[in-house]
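The block underneath contains the structure these notes are about, expressed in structure tokens.
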Number of protein chains: 2
Amino acid sequence: MGLAKTEMFTDQQNEIALFAKVFGHPARVSILQYLFKINSCICGDLVNQIGLAQPTISQHLKELKHLGLIKGNVEGTSVCYCIHTENWIKMKETMLQFLNQDISKIEDCC
Amino acid sequence: MGLAKTEMFTDQQNEIALFAKVFGHPARVSILQYLFKINSCICGDLVNQIGLAQPTISQHLKELKHLGLIKGNVEGTSVCYCIHTENWIKMKETMLQFLNQDISKIEDCC
DNA sequence: TTTGTTTATAGCAATATTACGATGAATGTT
DNA sequence: AACATTCATCGTAATATTGCTATAAACAAA
């Protein structure tokens with residue numbers, strides 16, 4: 001099938017999964033880390049930084065932009081991409097809620 | 001291709017991506033949340049809780065177990081699954097390092 | 001031993017993802 | 001205008017993921 005049955009899960013569960021999915025590829029992790037490191041970016045840099053072809057990088061950037069985690073503005077012939085800080089903070093809250101579930105009550109039954 | 005070029009990324013980037021990938025499906029998010037909620041579990045419960053077929057749940061559990069996020073012990077005819085607390089904490093540290101990257105220095109250039 | 005219960009595995013069809021080459025669109029340079 | 005540069009999109013091939021049915025395996029109960 002290859003198609004997740006999203007309708008049987010809560011909005012929050014689907015949201016967590018969507019964010020996680022976009023982090024589920026090392027190229028996108030790498031892109032985000034690089035954007036954090038240099039604070040602003042031109043796509044060409046990324047193609048050199050990461051060893052993938054330009055259309056591949058462009059595709060990954062599109063996914064990140066689609067989820068709102070980065071924003072990009074055209075500057076002449078190049079495009080300036082950077083982290084969308086407000087949305088990153090919102091995403092982080094959602095993910096932290098999931099990661100920080102209370103572990104103290106878990107009995108080591110197994 | 002469908003195949004990520006992991007060799008061109010750092011171990012840390014690949015590790016983050018692997019953890020994120022497993023959270024990239026709402027069924028697995030749901031399973032983990034349920035395990036946190038009740039602190040111990042029998043697989044049959046999950047099949048009722050989540051609306052997917054038993055083999056599908058079993059497959060998702062396998063992926064979670066493979067990454068070490070849950071552990072399962074056979075108890076008679078059923079299997080008791082629960083959160084692997086030590087590994088969960090380790091995973092959380094890795095993910096937090098990624099999520100908590102310093103956002104304060106980012107200039108709103110775009 | 002037969003039967004039922006529970007979970008895992010095999011095999012499959014449908015869809016998604018990843019990556020790239022070729023090409024197009026937009027802008028800058030000469 | 002002609003050309004170069006940069007990035008996006010299209011089309012395609014290879015592989016991965018999801019979910020199911022059918023079935024096996026392991027154990028308990030009768």
Side-chain angles (χ1 to χ4, degrees), chain A residues 1-9 13-14 17-31 34-35 40-67 70-82 110, chain B residues 1-9 13-14 17-31 34-35 40-67 70-82 110:
Chain A
M1 301 252 158
L3 175 61
K5 294 196 163 176
T6 55
E7 74 280 1
M8 41 177 56
F9 303 102
Q13 286 164 344
N14 283 313
L18 278 179
F19 283 132
K21 208 173 186 177
V22 92
F23 298 144
H25 193 292
R28 291 189 290 265
V29 170
S30 178
I31 287 169
Y34 188 67
L35 288 178
S40 75
C41 178
I42 291 161
C43 182
D45 267 19
L46 285 168
V47 177
N48 294 333
Q49 273 287 318
I50 304 169
L52 298 170
Q54 179 267 321
T56 309
I57 301 287
S58 188
Q59 204 173 322
H60 285 307
L61 286 167
K62 192 179 173 184
E63 288 177 65
L64 290 168
K65 197 176 179 184
H66 185 250
L67 259 171
I70 62 174
K71 48 186 172 182
N73 265 28
V74 178
E75 283 194 1
T77 51
S78 66
V79 177
C80 172
Y81 276 111
C82 62
C110 305
Chain B
M1 303 252 158
L3 175 61
K5 294 197 163 177
T6 54
E7 73 280 2
M8 40 178 55
F9 303 102
Q13 286 164 345
N14 283 314
L18 277 180
F19 283 132
K21 207 172 187 178
V22 92
F23 298 144
H25 193 292
R28 291 189 289 265
V29 170
S30 179
I31 287 170
Y34 188 68
L35 288 178
S40 76
C41 178
I42 291 161
C43 182
D45 267 19
L46 285 168
V47 177
N48 295 334
Q49 273 287 318
I50 304 168
L52 297 170
Q54 179 268 321
T56 308
I57 301 288
S58 187
Q59 203 173 323
H60 285 307
L61 286 167
K62 193 180 173 184
E63 288 178 66
L64 290 168
K65 196 177 179 183
H66 185 250
L67 259 171
I70 63 174
K71 48 186 171 180
N73 264 30
V74 177
E75 283 194 3
T77 52
S78 65
V79 178
C80 172
Y81 276 111
C82 61
C110 305

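Quick note on labels: first sequence line is chain A, next is B, and so on, each numbered from 1.
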Worksheet item: For A:L3 and D:dA16, what is the distance between atoms CG and C1' respectively, to the nearest whole Å?
Response: 15 Å

Worksheet item: Rounded to the Å, how far apart are B:H60 NE2 and D:dA16 C1'?
Response: 14 Å

Worksheet item: Between B:T56 and B:A4, who's closer to the 5' end of DNA chain D by nearest nucleotide?
Response: B:A4

Fill in: Geometric class of the B:H60/B:H25 ring pair [parallel <30°, tilted 30-60°, perpendicular >60°]
tilted

Worksheet, complete the sentence: Heavy-atom nearest pair, A:Y34 first then A:D45, reads OH-OD2, 3.5 Å

Worksheet item: Rounded to whole angstrom units, what separation is found between the CD atom of A:E63 and the P atom of D:dT9?
Response: 13 Å

Worksheet item: Can you name the residues that form a side chain to side chain contact (heavy atoms under 4.5 Å, CB included) with A:V79, not counting sequence neighbours?
Response: A:V74, A:Y81

Fill in: Interface limits on DNA chain C, where chain B has a heavy atom under 4.0 Å of a nucleotide atom
C:dT5 to C:dC20

Give every donor-acceptor pair under 3.5 Å between a side-chain atom in residues 46-55 of chain A and any protein atom, sequence neighbours left out.
none

Practice prompt. Just jot down the side chain to side chain contact (heavy atoms under 4.5 Å, CB included) partners of B:Q59, sequence neighbours excluded, or say none.
Written response: none

Practice prompt. Could you check how far CD of B:Q59 sits from C1' of D:dT23, rounded to whole Å?
Written response: 15 Å

Practice prompt. Taking all non-hydrogen atoms of both residues into account, name the closest pair between A:V29 and B:Q13 and its distance.
Written response: CG1-CG, 3.9 Å

Item to complete: Whole angstrom is fine here: how far is it from NE2 in B:H66 over to P in D:dA16?
Response: 14 Å

Practice prompt. Quickly work out the A:L64 CG to D:dA8 P distance and round it to whole Å.
Written response: 12 Å

Item to complete: Given side-chain contact (heavy atoms from CB on, under 4.5 Å), test A:L61 with A:I57 step by step and report yes or no.
Response: CA-CA 6 Å; A:L61 286 167; A:I57 301 287; 3.9 Å; yes

Worksheet item: About how many Å separate CD1 of B:I70 and CG of B:L64, when rounded to the nearest 0.5 Å?
Response: 4.5 Å

Worksheet item: Taking atom C1' of D:dT17 as reference, at what distance in whole Å does atom NZ of A:K5 sit?
Response: 15 Å

For nucleotides 1-7 of chain D, give me every protein contact, N/O to N/O, under 3.5 Å, one pair per line with atom names.
residue	atom	partner	partner atom	Å
D:dC7	OP1	A:C43	N	3.2
D:dC7	OP1	A:G44	N	3.4
D:dC7	OP1	A:V79	N	3.4
D:dC7	OP2	A:G44	N	2.8

Fill in: Neighbours of DNA chain C within residues 19-29 of chain A, by heavy-atom distance under 4.0 Å
A:K21, A:H25, A:R28

Worksheet item: At their closest point, which heavy atom of A:R28 faces which heavy atom of A:K21, and how far apart are they?
Response: NH2-O, 3.5 Å

Worksheet entry | Integer-rounded Å distance: D:dG19 P and B:L46 CG | 14 Å

Worksheet item: Any idea which heavy atoms bring B:A20 and A:G24 closest together, and the distance?
Response: CB-N, 3.7 Å

Discussion item. side-chain contact (heavy atoms from CB on, under 4.5 Å) for B:I31 and B:L35? Distances and angles first, verdict last.
Written reply: CA-CA 6 Å; B:I31 287 170; B:L35 288 178; 4.2 Å; yes

